[in-house]
Amino acid sequence: MINRLIATALPLLPKRFVWLFSRAYIAGESVNDAMTACRSLNANGIKTTIDILGEFIQNLDEAKKNRDEYMALIDISQLSGIDGNYSVKPTMFGLLIDTEACFGYIREIVSKAAGYGNFIRIDMEDSGCVDLELDLFRRLKAEFPENVGLVVQAYLHRTLDDLKGLMDLHTPALPLNFRLCKGIYTEPAHIAFQRHDEINVHFLEDLEFMFQNGVYPGIATHDRALVDGALRLIDRYDVPRNRYEFQMLYGVAPELRRTIVEAGHTMRVYVPYGRHWFGYSTRRLKENPKIVTSIIKSLLLSR
Ligand code: FDA
């Protein structure tokens, strides 16, 4: 309860204070910070997906700058030999301002990554963006069948139907590639399942559908029950190791991550960086108010 109150109040406090919490979950502000984090993960046998922080922009000038930043990131990361791909949030390119302009910017980024034989993941944002993001993905997948993937959220009532509806884009030679996560946005009960157990049931249902249909899933969770459920499905469907991967957020659940890596499964970590770390951090904090306790501990220990 107290943690929840502090988590709500923290966004009102000085940025320097919030950084004490954020630094565990963000690679840093610069592309060099991101490269350092990725090299260290790669050295431990972990792949990466790099995300430049920012979302829900106000005007298209920001979208252009964000496009330029991604283009530079891709060159730097490829030349640095990082074993990883990239994630983008469409609202960072003006999805809700000018859908065509947004498509154009993301298309340029996918084309750039495709030039290196690499891959862009389209993050899924709140429920008001889902139809637009499915549409964006459809168009990009038609043009770059090997270089683009999407995120789907198990908490949405619609997700299994969306998966079935996307199967026309799937072939065994060019399989669909989806990151499956629970979903992070606050959504009303008529749109999204609310209870932890309900969301978990649907997560495993969506994952089973993917295994049954040869879709490549990025199993994105830190929930041990879901990791165990996923491992049972992998066994049941005898899924080869190169037909799925686990994914986690930078700085979250390192122990569970190590167990999965040591068992020989592919692991990819989502590495966010950039100047706009404040919004990302405060959302993480609201999601997991228990972190407040560890911040307070680290404050006391650093005295
Ligand atoms: P759950 O929330 O039950 O967490 C299990 C345990 O993990 C918690 O008890 C806690 O200890 C720890 N934990 C989880 N999240 C934590 C956090 N942020 N900080 C500290 N500890 C944490 N969502 C979305 O809507 N669109 C998207 O595109 C993405 N993309 C994405 C990429 C990747 C790689 C991951 C792992 C997650 C996302 N998400 C996302 C977020 C996702 O929807 C979900 O909110 C979080 O992963 C938390 O759900 P878990 O499955 O981890 O379970």
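No experiment lies behind these values; they were computed from the predicted model shown. Both counts, for ligands and for their atoms, begin at 1 and track the order of listing. The first residue in the sequence is number 1, and the count goes up from there. In what follows, every heavy atom counts, from backbone to side chain, and hydrogens, waters and symmetry copies are set aside.
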Worksheet item: Do Asn147 side-chain atoms and Val110 backbone N/O form a donor-acceptor pair below 3.5 Å?
Response: no

With heavy atoms and a 4.0 Å threshold, my read on which part of Val252 contacts ligand 1 is side chain

If we number the atoms of ligand 1 from 1 as shown, the ones under 4.0 Å from a heavy atom of Gln247 are 34 (C), 36 (C)

The single option from Val152, Ile122, Asp123, Ile219 that satisfies side-chain contact (heavy atoms from CB on, under 4.5 Å) with Arg179 is Asp123

Is a side-chain donor or acceptor of His265 paired with a backbone partner of Leu231 at a separation under 3.5 angstrom?
-> no

| said: Under a 4.0 Å threshold between the charged nitrogen and the carboxylate oxygen, would Glu245 count as salt-bridged to Lys47? | reply: no

Is a side-chain donor or acceptor of Asn66 paired with a backbone partner of Glu62 at a separation under 3.5 angstrom? yes

Quick look: Arg268 vs ligand 1, heavy-atom contacts under 4.0 Å, and the answer is neither

The atoms of ligand 1 lying under 4.0 Å from a heavy atom of Val151, numbered in the order shown, are 27 (C), 28 (O)

Ligand 1 to Asp123, heavy atom cutoff 4.0 Å, flagged ligand atoms 28 (O)

- Under 6.0 Å between the ring centres of His202 and Tyr155? no

Near Tyr270 (heavy-atom distance under 4.0 Å), the atoms of ligand 1 are 32 (C), 34 (C)

Logged contact type for Lys182 with ligand 1, heavy-atom cut-off 4.0 Å, is both

Numbered in order shown, the ligand 1 atoms found under 4.0 Å of a heavy atom of Tyr185 are 25 (O)

> Does an N or O anywhere in Tyr155 fall below 3.5 Å from an N or O of ligand 1?
Replying inline: no

Open item on the list: Looking at ligand 1, would Gly183 count as a contact under a 4.0 Å heavy-atom criterion?
Closed with: yes

Q. So Tyr70 and Phe93, would you call those rings parallel, tilted or perpendicular, with 30° and 60° as cut-offs?
A. tilted

Q. Would you call Asp33 and Arg23 a salt bridge, taking side-chain N to carboxylate O under 4.0 Å as the test?
A. no

Short version for Lys89: what comes under 4.0 Å of ligand 1, heavy atoms counted, is neither

Atoms of ligand 1 under 4.0 Å from any heavy atom of His196, numbered from 1 in the order shown, are 3 (O)

